[in-house]
Amino acid sequence: MNAERSIQSPKLYKTAAQSKQSFLKTAWKAIIRKKSRFAGFIIILFFTLMAIIGPNLYPKELPIDSNAIYAPISWKYLLGTDFEGTSNLALIITGARYVLLAAALGALFTVIFGTVLGLIAGYFVGWSDSIIMRVTDLFLTVPSFPLLVVLSTVWNFGQPLAMGFVLGITGWGGMARAVRSQTLSLRERGFVEAAKGLGLSPFYILFREILPNVSSYIGMNLLTSITGCIYAEVGLFFLGVVPFHVNNWGVMLNMAVFSAGAMSSPTALPYLLSPLLALLILTLGIVLFLDAIDEIFNPRLREDV
């Protein structure tokens with residue numbers, strides 16, 4: 001028996017490695033198939049590297065220059081400066097880590113909560129479905145942004161994990177309902193009935209048979225949730241309802257509008273436009289990349305190509 005295992009294990013390991021390699025190759029082909037998808041991928045990769053490496057390129061306390069307060073765009077200051085003479089480009093780069101990490105965690109929590117609860121509700125139906133859906137309706141009824149404002153008064157958002165968790169627990173309702181609907185339509189299909197007939201566990205059926213069939217929808221929602229989380233957290237900082245513990249694009253917007261008077265003073269306009277430009281480019285990249293996600297996780301689209 002042990003000898004048999006020792007012979008089969010390398011084969012299983014090789015099969016799993018080949019499958020992973022095949023998926024990566026398929027994903028790369030889907031990305032480079034269209035220029036718009038590849039452009040979206042490059043933009044997302046650029047911002048990801050900015051968030052990971054960028055803050056390490058600057059000192060913890062960014063340099064200030066009293067002689068360059070609200071300096072215009074120039075070769076020295078590519079995006080101008082703020083009220084202390086600090087480069088807006090440096091503020092954008094150092095603030096990207098918090099913004100993107102909090103948004104990624106928020107989207108991840110949203111997808112995990114929504115997917116797990118939607119799968120359980122759609123597969124088991126009965127009383128578990130009723131309880132989960134009533135809780136889901138409760139979260140869908142409560143406006144998420146006002147709830148975030150209330151939570152911000154008692155929650156410390158100094159760390160991206162805290163911000164991401166709060167964004168996740170307030171945004172999973174729609175995801176749960178959509179996954180439940182798709183699970184209900186899949187649970188009567190032949191391959192699920194066959195799995196039940198073989199005596200496979202509900203856990204195996206849910207996560208190995210049904211989950212791959214909704215992975216396209218989940219992947220697209222993961223990316224769209226990232227944009228939603230970015231807008232929500234930047235909005236909280238912009239409104240000033242969250243203490244300014246860290247450098248953040250929302251903090252820049254708040255300071256530019258309410259302190260620098262950028263809406264009426266052209267000299268502070270670069271300070272306002274810099275974070276808006278970063279948000280615009282990042283959102284554009286995510287939108288362009290959504291098309292590739294659909295093909296990567298949808299086998300039918302791959303077969304039609």
J.: What I'd like to find out is whether the side chain of Glu193 reaches to under 4.5 Å of the side chain of Arg187, using heavy atoms alone.
T.: no

J.: Locate the shortest heavy-atom distance separating Ala107 from Ile226; write the atom from each residue and the value.
T.: CB-CG1, 3.5 Å

J.: Between Arg37 and Ala30 (side chain of the first, backbone of the second, donor and acceptor by atom type, cut-off under 3.5 Å), is there such a pair?
T.: yes

J.: Heavy atoms only: give me the nearest Thr94-Leu91 pair and the separation to one decimal.
T.: OG1-O, 3.4 Å

J.: Under the 3.5 angstrom rule, does the side chain of Asn254 hit a backbone N or O of Gly250 as a donor-acceptor pair?
T.: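 Not at all, since once roles are kept as given, no pair shorter than 3.5 Å links the two residues.
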
J.: Look up atom CD1 in Ile286 and atom CG in Leu223, then write down how far apart they are to the nearest 0.5 Å.
T.: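 Here the interatomic distance stands at 6.0 Å.
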
J.: Could you tell me whether the side chain of Phe139 reaches within less than 4.5 Å of the side chain of Phe113, counting heavy atoms only?
T.: no

J.: Strictly distance-based, threshold 3.5 Å: is any side-chain N or O of Thr86 a donor or acceptor partner for the main-chain N or O of Leu62?
T.: no

J.: Shortest non-hydrogen contact from Cys229 to Gly106?
T.: SG-C, 3.7 Å

J.: May I have all residue pairs that pass side-chain hydrogen bond (donor to acceptor under 3.5 Å, both in side chains) and include part of residues 270-284, sequence neighbours excluded?
T.: Tyr231-Thr283

J.: Taking all heavy atoms of Glu209 and all of Ala195, pick out the closest pair and write down the distance.
T.: CG-CB, 4.4 Å

J.: Would you check, one step at a time, whether the test ring pair (Phe, Tyr, Trp, His ring centres under 6.0 Å) holds for Tyr77 with Tyr70?
T.: CA-CA 10 Å; Tyr77 301 110; Tyr70 297 128; over 10 Å; no

J.: With distance as the sole test, does Arg97 use its side chain to make a donor-acceptor pair with the main-chain N or O of Ile52 at under 3.5 Å?
T.: yes

J.: Could you tell me which non-hydrogen atom of Ile69 sits nearest to which non-hydrogen atom of Glu84, and how far apart they are?
T.: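 Shortest heavy-atom contact: CG1-C, 4.1 Å.
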
J.: Just grab all the side-chain hydrogen bond (donor to acceptor under 3.5 Å, both in side chains) pairs involving residues 103-113, residues at least two apart or on different chains.
T.: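 Residue pairs passing side-chain hydrogen bond (donor to acceptor under 3.5 Å, both in side chains), neighbours aside: none found.
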
J.: Are side-chain heavy atoms of Thr224 and Asn221 found at a separation under 4.5 Å?
T.: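 They are in side-chain contact.
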
J.: Determine yes or no for a side-chain-to-main-chain donor-acceptor pair under 3.5 angstrom, with Ser185 supplying the side chain and Gln182 the backbone.
T.: yes

J.: Which distance, rounded to the nearest 0.5 Å, do you find between the OG1 of Thr115 and the CG of Leu119?
T.: 6.5 Å

J.: Please report whether the ring centroid of Tyr123 lies less than 6.0 Å from that of Phe203.
T.: no

J.: Using modelled atom types only, decide if a donor and an acceptor are shared between the side chain of Arg180 and the backbone of Gly118 within a distance under 3.5 Å.
T.: no

J.: Once you round to the nearest 0.5 Å, how far does CD1 of Ile53 lie from CD1 of Ile93?
T.: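 It is 11.0 Å, given to the nearest 0.5 Å.
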
J.: Which atom pairs, donor and acceptor, lie under 3.5 Å between side-chain atoms of residues 162-176 and protein residues at least two apart or in another chain?
T.:
residue, atom, partner, partner atom, Å
Thr170, OG1, Val166, O, 3.0
Thr170, OG1, Leu167, O, 3.1
Trp172, NE1, Ile169, O, 3.1

J.: For the residue pair Phe109 and Leu161, establish whether any side-chain heavy-atom pair is separated by less than 4.5 Å.
T.: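 Heavy-atom side-chain distance check passes, below 4.5 Å.
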
J.: Specify the closest pair of heavy atoms between Phe47 and Ala278, including all atoms of both residues, with the distance to one decimal.
T.: CZ-O, 3.6 Å

J.: Looking at Trp249 and Ile92, would you say the former's side chain and the latter's main chain have a donor-acceptor pair under 3.5 Å?
T.: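 Side chain of Trp249 to backbone of Ile92, a donor-acceptor pair under 3.5 Å: yes, one is there.
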
J.: Atom OG1 in Thr48, atom CG in Leu101: separation rounded to 0.5 Å?
T.: 11.0 Å

J.: Just how far is it from atom CD of Glu233 to atom CD1 of Ile230, taken to the nearest 0.5 Å?
T.: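 The CD atom of Glu233 sits 6.5 Å away from the CD1 atom of Ile230.
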
J.: Is there a donor-acceptor contact under 3.5 Å from the side chain of Asn88 to the main chain of Leu79?
T.: yes

J.: Looking at side-chain heavy atoms only, is the closest gap between Arg189 and Ile210 below 4.5 Å?
T.: no

J.: For the ring pair Phe289 and Phe38, is the centre-to-centre distance below 6.0 Å?
T.: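 Judged by ring-centre distance (under 6.0 Å), Phe289 and Phe38 do not meet the cut-off.
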
